[in-house]
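Worksheet: one structure, shown below.
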Amino acid sequence: MAEAPATLNPAQLAAVHHLDGPCLVLAGAGSGKTRVIVHKIARLLQAGLEPRQIAAITFTNKAAAEMRERAKQIVGGRAAKDLAISTFHSLGVRMLKTDGSRLGLKEQFSIFDSDDVLGVLREAGGCNDNAVARSWQWTISLWKNQGLDAEAAARAAADEDQRVAAVVMKRYEERLAAFQAVDFDDLISLPLKLLARDAEAREKWQGTFRHILVDEYQDTNAVQYELLKALVGEHTPFTAVGDDDQSIYGWRGATIENLKRLPQDFPRLKVIPLEQNYRSTGNILRAANNVIAQNPKIYEKKLWSEFGDGEPVRLLECDSEEHEAERAVARIQALRGADARIAWSDFAILYRANHQARIIEQKLRQAQVPYKVSGGQSWFDRAEIKDLCAWLRLLVNPDDDPAFLRAVTTPKRGIGHQTLASLGEFAGKWKVSLFEALFSPTLKTALKGKAIDSLHEFGRYVNALEERARHTRGGEEARKLMLEFLTDIGYERHLHDGEESEKIAASRWSNVVDFVGWIARRAGGDEDRPEQTVLEVAQTIAVIISLAERSEDQDVVTLSTLHASKGLEWPHVVLAGVNEGLLPFRAGDEEMTPERLEEERRLMYVGITRARRTLVVSTLRRRKKGRELVAAVPSRFITEMKLNESTGREDPRERLAKLRAALAAKASAPAPSAD
DNA sequence: TTTAACCCGATTTTT
DNA sequence: TCGGGTTAAA
């Protein structure tokens, strides 16, 4: 975190003290917005609000956890614990848990992750091609983010592909309802539906919060904005904190329309720009401002800082991706070699697309530089963890068919896909879940006795386990139950049977053990959370899944996409592959709309403003195409930074050429050195 | 006809 | 790295 001054600056103070009406804080990069949010929470408590009456909404679990941590430092643990700090999605879960029944959702519903959704879509659309199913998933999600249901989508469908997607969407929605399941988009749209339709619920929820703060407001989509409006109603004051210049998620439904509409929807809106930056040097901010000045503005805003100019922003022109990676690594080593106080973790290399990381990783490994790639595969995506999650989900909601299918076949227990297909057919005919079908007395019309016996045994075991999970509370108890369960189903043996290598099996098992420890810790509670039963932990699993991630405090270089870098900062940053086609990105023959270009420019702006002290912008003169190198065009954003106005561009080759020329000149006749 | 090896190309990501 | 698509061999 940048060195924050002891007091708030005037703009920050204004934002903190505007308590009574709607407020939009335009928080430029590095302008201390989290501080503002946290201080405002403290101010609201001081004004007499209860912690539970203050909601702070973020986009990621990580941001929510950080905010709670920061709040704790200022308002103390007791108050911080009761604050309603959560993501949009977990707030949605909370609303659906308490009032979902008013929409016909039973209390123990399942939340489908994107793999589950993909599976349902393949089935609903009768298509085994993952690419097709994924494009449906994508289209449907965007529709849902715009607040369209299947019928509205059918009307909005613009081409044949979209018409098909709309048909699939209808079938998909039917299946979700049958499974008593919701997807991530539903976690926003269903609570909105609840508030829109049900006056009693609306009144209750509008009375729940007396101030709502929304972080990263520029990332909200249409439905999230509607939910916010429904929650604040006519009277609840709120604070939206965001930066139109850092809106980089338009492609997944975020819309800066929400920023434009805010003053219209709330005429009393107080707009407060935070322009003082506490992160970067003057040279870095100047480059950032120059780039973003090319975009049309909704609100005027220009960052400045009290730090000096600092090092000039450097431009590196490289001969190939390989060369670029080598030079980035060399720069890191050189800086670190020159100053022992500089840590590996002071560096980040940022790029547009994940695959760019590959070659950089290779060079870092060669140079023995420790690194981490942000946004790598999550621990929770591993097959063994998903297996166990499927079991837990099944305990929470036996009607969760995807979870049922995974659990019933993991480990293998003599129930093959013949049996499951017949069971599925039977369940479909009677419109019940697989689990329900399994206990039906008429099942014997569809299946052989032996298969039924196996199914019954499985079903009874699940029921017994559910009973125990419901009553097992606390860390140690939870651990015991989980390990016993794993022995019961023979999971460790299953891992060893399935793997070709003992080593892999052992590492999978150790993941499983970690997972059990993780469950136990959550069941055990701590000063922030009460003890929970295993079943309660299980229900929240889909939502909290990204919390347990990496330990932050390793001394390693960070590799990250520009998107994943938003909100983070490093003393020394390298932007790699700043070329036309990549940044701004252009896919083949698609034309670049002004809106697209503007979002790419904001991405560049985000990249530049991650740097505190030094920034290197690296571009390729050639890049690999097939077997040969073809010419590459440096990004237009490089020109837009206007580096040469205040600083010289720095190309070692050119410098070398100049040096040679100077030496040659010196040798013949003494000349004034041009440095 | 089926399978395995290999090569190529790649938006961006959270819940 | 990862997955899809192509090609070569059985």
Side-chain angles (χ1 to χ4, degrees), chain A residues 57-65 86-94 96 110-117 128-135 137-138 141-142 144-145 181-191 215-216 219-221 223-224 227 246-254 321 350-362 365 373-378 380-381 540-547 549 559-567 577 579-588 590 592 596-597 599-604 606-607 623-628 630:
Chain A
I57 306 179
T58 63
F59 274 86
T60 64
N61 287 313
K62 194 173 157 226
S86 76
T87 62
F88 266 107
H89 292 87
S90 25
L91 177 63
V93 172
R94 178 177 158 193
L96 292 181
S110 294
I111 300 166
F112 279 9
D113 70 17
S114 81
D115 279 0
D116 300 325
V117 168
N128 272 325
D129 186 339
N130 259 335
V132 174
R134 208 162 289 150
S135 90
Q137 185 176 20
W138 173 251
S141 178
L142 278 180
K144 290 176 98 165
N145 284 169
V182 300
D183 63 23
F184 285 125
D185 301 320
D186 291 332
L187 291 178
I188 314 296
S189 59
L190 291 180
D215 192 18
E216 305 281 13
D219 290 341
T220 51
N221 63 41
V223 181
Q224 285 161 338
L227 179 60
Q246 292 186 69
S247 161
I248 54 174
Y249 285 109
W251 51 273
R252 69 177 195 206
E321 281 97 336
L350 309 180
Y351 37 80
R352 177 59 220 258
N354 287 89
H355 63 88
Q356 294 176 264
R358 195 188 127 265
I359 184 121
I360 303 173
E361 278 187 79
Q362 189 189 323
R365 272 196 302 267
V373 184
S374 87
Q377 273 299 42
S378 159
F380 287 95
D381 293 336
T540 51
I541 247 169
V543 180
I544 46 182
I545 237 158
S546 63
L547 253 181
E549 303 297 60
L559 302 189
S560 170
T561 62
L562 288 163
H563 282 94
S565 76
K566 188 160 71 104
N579 280 78
E580 285 295 308
L582 201 49
L583 180 66
F585 186 86
R586 191 170 47 242
E590 267 174 64
M592 174 79 83
R596 285 270 288 271
L597 180 62
E599 183 152 316
E600 295 293 309
R601 187 175 281 118
R602 291 192 290 267
L603 204 49
M604 179 74 181
V606 165
R623 84 197 132 84
K624 269 214 193 90
K625 176 119 195 218
R627 218 158 291 144
E628 61 220 293
V630 298

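In what follows, every chain begins at residue 1, and chains take the letters A, B, ... in the order their sequences are listed.
Between A:Tyr249 and B:dT13, no base-stacking contact is recorded for ring centres under 5.5 Å apart and planes less than 30° from parallel.
The nearest whole Å value for the distance from the NE2 atom in A:His355 to the P atom in B:dT13 is 11 Å. Remark: C1' of B:dT15 and CZ of A:Phe59 are 10 Å apart, rounded to the nearest angstrom. The nearest whole Å value for the distance from the CD atom in A:Glu321 to the P atom in B:dC8 is 14 Å. In this structure, A:Trp138 atom CH2 and B:dT12 atom P are separated by 11 Å, rounded to whole Å. Spacing between atom CG of A:Asn145 and atom P of B:dT14 amounts to 15 Å, rounded to whole angstrom units. Distance A:Met592 CE to B:dT12 P: 15 Å, rounded to the nearest Å. Residue A:Tyr351 contributes atom OH, which lies 14 Å from atom P of C:dT1 at whole-angstrom precision. What separates CD of A:Gln137 from C1' of B:dT13 is a distance of 12 Å, to the nearest Å.
Nearest to the side-chain atoms of A:Ala564 among the listed nucleotides B:dT15, B:dT13, B:dT12 stands B:dT13. Comparing atom distances between the A:Asn61 side chain and each of B:dT13, B:dT15, B:dA10 picks out B:dT15 as nearest. Of all nucleotides listed (B:dT13, C:dG4, B:dT15), C:dG4 comes nearest to the side chain of A:Asn130. For A:Arg358, the listed nucleotide lying nearest its side chain is C:dT1; candidates were C:dT1, B:dT15, B:dT13.
In this structure, A:Thr561 reaches the B:dT13 phosphate: one of its side-chain N or O atoms is under 4.0 Å from OP1 or OP2. The shortest distance between the side-chain N/O atoms of A:Asn354 and the OP1/OP2 oxygens of C:dC2 is not below 4.0 Å.
Residues satisfying the salt bridge (charged side-chain N to carboxylate O under 4.0 Å, His left out) test with A:Arg94, not counting sequence neighbours, are none. With sequence neighbours excluded, the residues satisfying salt bridge (charged side-chain N to carboxylate O under 4.0 Å, His left out) with A:Arg365 are A:Glu361.
Under the 4.5 Å side-chain criterion, counting only non-hydrogen atoms from C-beta, A:Leu559 is in contact with A:Tyr351. Contact of the A:Trp251 side chain with the A:His563 side chain is registered, since non-hydrogen atoms from C-beta on lie closer than 4.5 Å.
Heavy atoms only, all atoms of each residue included: A:Asp183 and A:Lys144 are closest at OD2-NZ, 2.6 Å.
The residue A:Phe585 sits close to a base: some heavy atom pair falls under 4.0 Å.
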